[in-house]
Amino acid sequence: MEKEIAFLMDVYRRLYDYFGPRGWWPGETPLEVVIGAILTQSVAWRNVEKAIDNLKDANLLSVEALAVVDQEALEPLIVPTRYYKAKAKKLKVFINHLVGDHNGHLDSLFQGEMEEVRRKVLSLWGIGPETADSILLYAGNHPTFVVDAYTRRIFHRLGIFPEDVNYETMREYFMRHLPVDISLYNEYHALIVGLGNRVCAANKPDCRQCPLHDVCQKFRKESAHA
DNA sequence: GTCCTGGTGG
DNA sequence: CCACCCGGAC
(Lines give C-alpha, C1' and ligand atoms only; values in the text may rest on other atoms or scores of the structure.)
Protein backbone atom coordinates (compact mmCIF):
# COMPACT_ATOMS: atom_id res chain seq x y z
CA MET A 1 0.00 0.00 0.00
CA GLU A 2 2.76 2.44 0.90
CA LYS A 3 4.55 1.42 -2.27
CA GLU A 4 1.71 2.65 -4.44
CA ILE A 5 1.71 6.07 -2.76
CA ALA A 6 5.45 6.41 -3.26
CA PHE A 7 5.17 5.30 -6.89
CA LEU A 8 2.28 7.64 -7.70
CA MET A 9 3.98 10.59 -6.04
CA ASP A 10 7.25 9.80 -7.84
CA VAL A 11 5.40 9.78 -11.18
CA TYR A 12 3.71 13.05 -10.21
CA ARG A 13 6.99 14.70 -9.29
CA ARG A 14 8.65 13.60 -12.52
CA LEU A 15 5.78 14.94 -14.62
CA TYR A 16 5.63 18.18 -12.65
CA ASP A 17 9.39 18.72 -13.01
CA TYR A 18 9.09 18.03 -16.73
CA PHE A 19 6.05 20.14 -17.59
CA GLY A 20 5.72 22.58 -14.71
CA PRO A 21 2.27 23.66 -13.49
CA ARG A 22 -0.33 23.30 -16.24
CA GLY A 23 -2.83 25.82 -14.86
CA TRP A 24 -5.96 23.80 -15.49
CA TRP A 25 -8.82 23.87 -16.35
CA PRO A 26 -8.41 26.15 -19.39
CA GLY A 27 -11.74 27.91 -18.76
CA GLU A 28 -12.38 31.26 -17.19
CA THR A 29 -15.56 30.50 -15.25
CA PRO A 30 -17.17 27.38 -13.75
CA LEU A 31 -19.81 27.49 -16.49
CA GLU A 32 -17.08 27.62 -19.13
CA VAL A 33 -15.46 24.60 -17.51
CA VAL A 34 -18.72 22.68 -17.74
CA ILE A 35 -19.21 23.63 -21.38
CA GLY A 36 -15.61 22.76 -22.21
CA ALA A 37 -15.87 19.41 -20.43
CA ILE A 38 -18.87 18.43 -22.57
CA LEU A 39 -17.50 19.80 -25.83
CA THR A 40 -14.08 18.18 -25.50
CA GLN A 41 -15.45 14.63 -25.49
CA SER A 42 -13.31 12.72 -27.97
CA VAL A 43 -12.10 15.94 -29.60
CA ALA A 44 -8.87 17.94 -29.55
CA TRP A 45 -9.00 20.94 -27.21
CA ARG A 46 -8.01 23.21 -30.09
CA ASN A 47 -11.41 22.53 -31.69
CA VAL A 48 -13.19 23.28 -28.41
CA GLU A 49 -11.57 26.70 -28.23
CA LYS A 50 -13.11 27.63 -31.58
CA ALA A 51 -16.55 26.59 -30.39
CA ILE A 52 -16.21 28.48 -27.11
CA ASP A 53 -15.10 31.58 -29.02
CA ASN A 54 -18.20 31.22 -31.19
CA LEU A 55 -20.41 30.93 -28.11
CA LYS A 56 -18.72 33.94 -26.55
CA ASP A 57 -19.18 36.02 -29.71
CA ALA A 58 -22.87 35.06 -29.68
CA ASN A 59 -23.15 36.10 -26.03
CA LEU A 60 -24.12 32.56 -25.08
CA LEU A 61 -21.65 31.97 -22.24
CA SER A 62 -24.24 32.46 -19.53
CA VAL A 63 -26.85 30.20 -17.97
CA GLU A 64 -29.61 32.68 -18.80
CA ALA A 65 -28.69 32.86 -22.50
CA LEU A 66 -28.16 29.11 -22.86
CA ALA A 67 -31.47 28.47 -21.14
CA VAL A 68 -33.47 30.26 -23.83
CA VAL A 69 -31.44 29.53 -26.97
CA ASP A 70 -32.78 26.80 -29.24
CA GLN A 71 -30.78 23.61 -29.52
CA GLU A 72 -30.79 24.04 -33.31
CA ALA A 73 -29.32 27.54 -32.96
CA LEU A 74 -26.53 26.11 -30.84
CA GLU A 75 -25.51 23.49 -33.38
CA PRO A 76 -23.74 25.64 -36.03
CA LEU A 77 -21.65 27.36 -33.33
CA ILE A 78 -20.16 24.12 -32.04
CA VAL A 79 -19.57 22.37 -35.36
CA PRO A 80 -15.76 22.41 -34.78
CA THR A 81 -16.20 20.00 -31.85
CA ARG A 82 -17.67 17.15 -33.96
CA TYR A 83 -20.92 15.42 -33.05
CA TYR A 84 -22.36 18.91 -32.89
CA LYS A 85 -26.00 17.80 -32.78
CA ALA A 86 -25.40 15.41 -29.91
CA LYS A 87 -23.30 17.97 -28.05
CA ALA A 88 -25.85 20.75 -28.51
CA LYS A 89 -28.39 18.43 -26.92
CA LYS A 90 -25.98 17.60 -24.08
CA LEU A 91 -25.48 21.30 -23.34
CA LYS A 92 -29.22 21.90 -23.30
CA VAL A 93 -29.85 18.86 -21.08
CA PHE A 94 -27.32 20.14 -18.56
CA ILE A 95 -28.61 23.72 -18.59
CA ASN A 96 -32.22 22.58 -18.35
CA HIS A 97 -31.38 20.53 -15.27
CA LEU A 98 -29.43 23.43 -13.79
CA VAL A 99 -32.32 25.83 -14.28
CA GLY A 100 -35.06 23.38 -13.38
CA ASP A 101 -33.55 21.88 -10.23
CA HIS A 102 -31.06 24.52 -9.06
CA ASN A 103 -32.50 27.84 -10.16
CA GLY A 104 -29.61 28.18 -12.61
CA HIS A 105 -26.94 28.17 -9.90
CA LEU A 106 -23.92 25.87 -10.20
CA ASP A 107 -23.15 26.41 -6.51
CA SER A 108 -26.45 24.75 -5.69
CA LEU A 109 -25.74 21.84 -8.03
CA PHE A 110 -22.34 21.22 -6.43
CA GLN A 111 -23.56 21.56 -2.85
CA GLY A 112 -23.61 18.41 -0.75
CA GLU A 113 -21.70 15.16 -0.42
CA MET A 114 -19.43 14.50 -3.38
CA GLU A 115 -20.53 10.99 -4.37
CA GLU A 116 -24.14 12.13 -4.15
CA VAL A 117 -23.45 15.09 -6.46
CA ARG A 118 -21.49 12.78 -8.76
CA ARG A 119 -24.36 10.33 -9.12
CA LYS A 120 -26.73 13.19 -9.88
CA VAL A 121 -24.47 14.65 -12.59
CA LEU A 122 -23.79 11.17 -14.00
CA SER A 123 -27.50 10.56 -14.36
CA LEU A 124 -27.79 13.38 -16.91
CA TRP A 125 -27.91 12.30 -20.56
CA GLY A 126 -24.57 12.92 -22.23
CA ILE A 127 -22.53 13.06 -19.04
CA GLY A 128 -20.35 9.99 -18.55
CA PRO A 129 -17.77 9.36 -15.81
CA GLU A 130 -14.91 11.39 -17.27
CA THR A 131 -17.08 14.41 -18.02
CA ALA A 132 -18.74 14.18 -14.60
CA ASP A 133 -15.44 14.02 -12.76
CA SER A 134 -14.00 16.87 -14.82
CA ILE A 135 -17.01 19.00 -13.94
CA LEU A 136 -16.89 18.08 -10.26
CA LEU A 137 -13.15 18.66 -9.89
CA TYR A 138 -12.51 21.64 -12.14
CA ALA A 139 -15.79 23.52 -11.79
CA GLY A 140 -17.15 22.22 -8.47
CA ASN A 141 -13.96 21.98 -6.40
CA HIS A 142 -14.78 18.43 -5.34
CA PRO A 143 -11.82 16.07 -4.75
CA THR A 144 -12.56 13.44 -7.41
CA PHE A 145 -9.78 12.04 -9.59
CA VAL A 146 -10.35 12.41 -13.33
CA VAL A 147 -9.13 9.52 -15.47
CA ASP A 148 -9.26 9.17 -19.23
CA ALA A 149 -7.91 7.27 -22.23
CA TYR A 150 -4.46 8.81 -21.61
CA THR A 151 -4.45 7.55 -18.03
CA ARG A 152 -5.27 4.05 -19.22
CA ARG A 153 -2.62 4.09 -21.94
CA ILE A 154 0.14 5.55 -19.77
CA PHE A 155 -0.45 3.44 -16.67
CA HIS A 156 -0.90 0.32 -18.76
CA ARG A 157 2.49 0.98 -20.33
CA LEU A 158 3.93 1.64 -16.87
CA GLY A 159 2.73 -1.83 -15.90
CA ILE A 160 0.01 -0.77 -13.43
CA PHE A 161 -3.25 -1.47 -15.27
CA PRO A 162 -4.34 -4.17 -17.70
CA GLU A 163 -5.14 -2.72 -21.12
CA ASP A 164 -8.90 -3.20 -20.73
CA VAL A 165 -9.19 -1.72 -17.20
CA ASN A 166 -12.45 0.14 -16.70
CA TYR A 167 -12.96 3.73 -15.58
CA GLU A 168 -14.07 3.14 -12.01
CA THR A 169 -11.19 0.76 -11.28
CA MET A 170 -8.69 3.38 -12.38
CA ARG A 171 -10.39 6.15 -10.42
CA GLU A 172 -10.49 4.04 -7.28
CA TYR A 173 -6.81 3.20 -7.63
CA PHE A 174 -5.77 6.83 -7.63
CA MET A 175 -8.21 7.89 -4.93
CA ARG A 176 -7.28 5.01 -2.62
CA HIS A 177 -3.55 5.64 -2.84
CA LEU A 178 -3.34 9.41 -3.08
CA PRO A 179 -4.15 11.90 -0.32
CA VAL A 180 -7.48 13.68 -0.75
CA ASP A 181 -6.21 16.91 -2.27
CA ILE A 182 -8.06 18.99 -4.86
CA SER A 183 -4.90 20.76 -6.06
CA LEU A 184 -3.04 17.45 -6.41
CA TYR A 185 -5.90 15.83 -8.35
CA ASN A 186 -6.22 18.93 -10.51
CA GLU A 187 -2.56 19.05 -11.46
CA TYR A 188 -2.06 15.29 -11.73
CA HIS A 189 -4.73 14.80 -14.37
CA ALA A 190 -3.52 17.83 -16.29
CA LEU A 191 0.03 16.43 -16.29
CA ILE A 192 -1.19 13.03 -17.48
CA VAL A 193 -2.96 14.69 -20.40
CA GLY A 194 0.21 16.65 -21.18
CA LEU A 195 2.27 13.47 -21.32
CA GLY A 196 -0.44 11.64 -23.24
CA ASN A 197 -0.68 14.08 -26.10
CA ARG A 198 2.90 15.29 -26.30
CA VAL A 199 5.06 12.28 -25.39
CA CYS A 200 3.22 9.02 -24.72
CA ALA A 201 1.36 9.00 -28.05
CA ALA A 202 -0.83 6.10 -29.12
CA ASN A 203 1.28 4.97 -32.05
CA LYS A 204 4.73 6.49 -31.90
CA PRO A 205 5.54 7.36 -28.29
CA ASP A 206 8.68 9.46 -27.92
CA CYS A 207 10.20 7.32 -25.18
CA ARG A 208 13.62 9.00 -25.45
CA GLN A 209 12.34 12.26 -24.02
CA CYS A 210 9.84 10.70 -21.58
CA PRO A 211 10.37 11.65 -17.92
CA LEU A 212 9.03 8.21 -16.94
CA HIS A 213 11.10 6.08 -19.31
CA ASP A 214 13.24 4.47 -16.62
CA VAL A 215 10.23 3.31 -14.59
CA CYS A 216 8.21 2.18 -17.63
CA GLN A 217 7.65 -1.56 -18.06
CA LYS A 218 7.04 -1.23 -21.78
CA PHE A 219 10.25 0.72 -22.26
CA ARG A 220 12.22 -1.94 -20.35
CA LYS A 221 10.78 -4.73 -22.50
CA GLU A 222 11.66 -2.93 -25.71
CA SER A 223 15.13 -2.15 -24.42
CA ALA A 224 15.67 -5.78 -23.49
CA HIS A 225 15.10 -6.75 -27.09
CA ALA A 226 17.57 -4.20 -28.45
C1' DG B 1 -4.27 8.07 -43.55
C1' DT B 2 -4.14 9.05 -38.14
C1' DC B 3 -5.52 11.03 -33.81
C1' DC B 4 -8.03 13.89 -30.71
C1' DT B 5 -8.99 14.99 -22.52
C1' DG B 6 -16.35 10.13 -24.64
C1' DG B 7 -20.95 8.74 -24.40
C1' DT B 8 -25.21 6.48 -25.88
C1' DG B 9 -27.86 2.92 -27.94
C1' DG B 10 -28.53 -1.45 -30.06
C1' DC C 1 -19.35 -6.19 -28.08
C1' DC C 2 -19.89 -2.75 -31.72
C1' DA C 3 -21.99 1.15 -34.56
C1' DC C 4 -22.80 5.67 -34.36
C1' DC C 5 -22.18 10.66 -33.54
C1' DC C 6 -19.23 13.23 -37.65
C1' DG C 7 -14.67 18.28 -37.74
C1' DG C 8 -10.09 19.75 -38.06
C1' DA C 9 -5.08 19.53 -37.76
C1' DC C 10 -0.98 17.19 -39.13
Once you round it to whole Å, what is the distance between [atom2] of [N] and [atom1] of [X]?
X	N	atom1	atom2	result
A:Met170	B:dT5	CE	P	16 Å
A:Arg171	B:dT5	CZ	C1'	17 Å
A:Asn186	B:dT5	CG	P	17 Å
A:Arg198	B:dC4	CZ	P	14 Å
A:Asn166	B:dG7	CG	P	13 Å
A:Lys90	B:dG7	NZ	P	7 Å

[X] near the nucleic acid: base, sugar-phosphate alone, or nothing, with a heavy-atom cut-off under 4.0 Å?
X	answer
A:Ile78	nothing
A:Arg152	nothing
A:Ile127	sugar-phosphate

* To do: For the pair A:Phe161 and A:Phe155, name the ring-plane relationship: parallel under 30°, tilted 30 to 60°, perpendicular over 60°.
  => tilted
* Are OP1 or OP2 of B:dT5 and a side-chain N or O of A:Trp25 less than 4.0 angstrom apart? -> no
* Would you tell me if any nitrogen or oxygen in the side chain of A:Asn197 comes within less than 4.0 Å of OP1 or OP2 on B:dT5? => yes
Under a plain distance cut-off of 3.5 Å, with no hydrogens placed, do [Y] and [X] share a side-chain donor-acceptor pair?
X	Y	value
A:Thr144	A:Asp133	yes
A:Lys85	A:Gln71	no
A:Ser183	A:Asn186	no
A:Tyr18	A:Gln209	yes

When rounded to the nearest Å, what value does the distance between [atom1] atoms of [N] and [M] take?
N	M	atom1	result
C:dC5	B:dC4	C1'	15 Å
B:dC3	C:dC6	C1'	14 Å
B:dG6	C:dC10	C1'	22 Å

* Structure fact -> Closest of B:dG9, B:dG7, B:dT5 to the A:Thr40 side chain is B:dT5
* Structure fact -> The nucleotide from B:dT2, B:dC4, B:dG7 with an atom nearest the side chain of A:Asn203 is B:dT2
* Structure fact -> B/S/- along nucleotides 2-10 of chain C (protein heavy atoms under 4.0 Å) is ---BBBSSS
* Asked: Want to settle it: does A:Trp125 or A:Tyr150 sit nearer the 5' end of DNA chain B, counting the closest nucleotide to each?
  -> A:Tyr150
* Structure fact -> Whichever of A:Leu122 and A:Trp45 has the more 5' nearest nucleotide on DNA chain B, that residue is A:Trp45
Look at [X] together with [Y] and state whether they make a salt bridge at an N to O cut-off of under 4.0 Å.
X	Y	value
A:Glu168	A:Arg176	no
A:Arg152	A:Asp148	no
A:Arg208	A:Asp206	yes

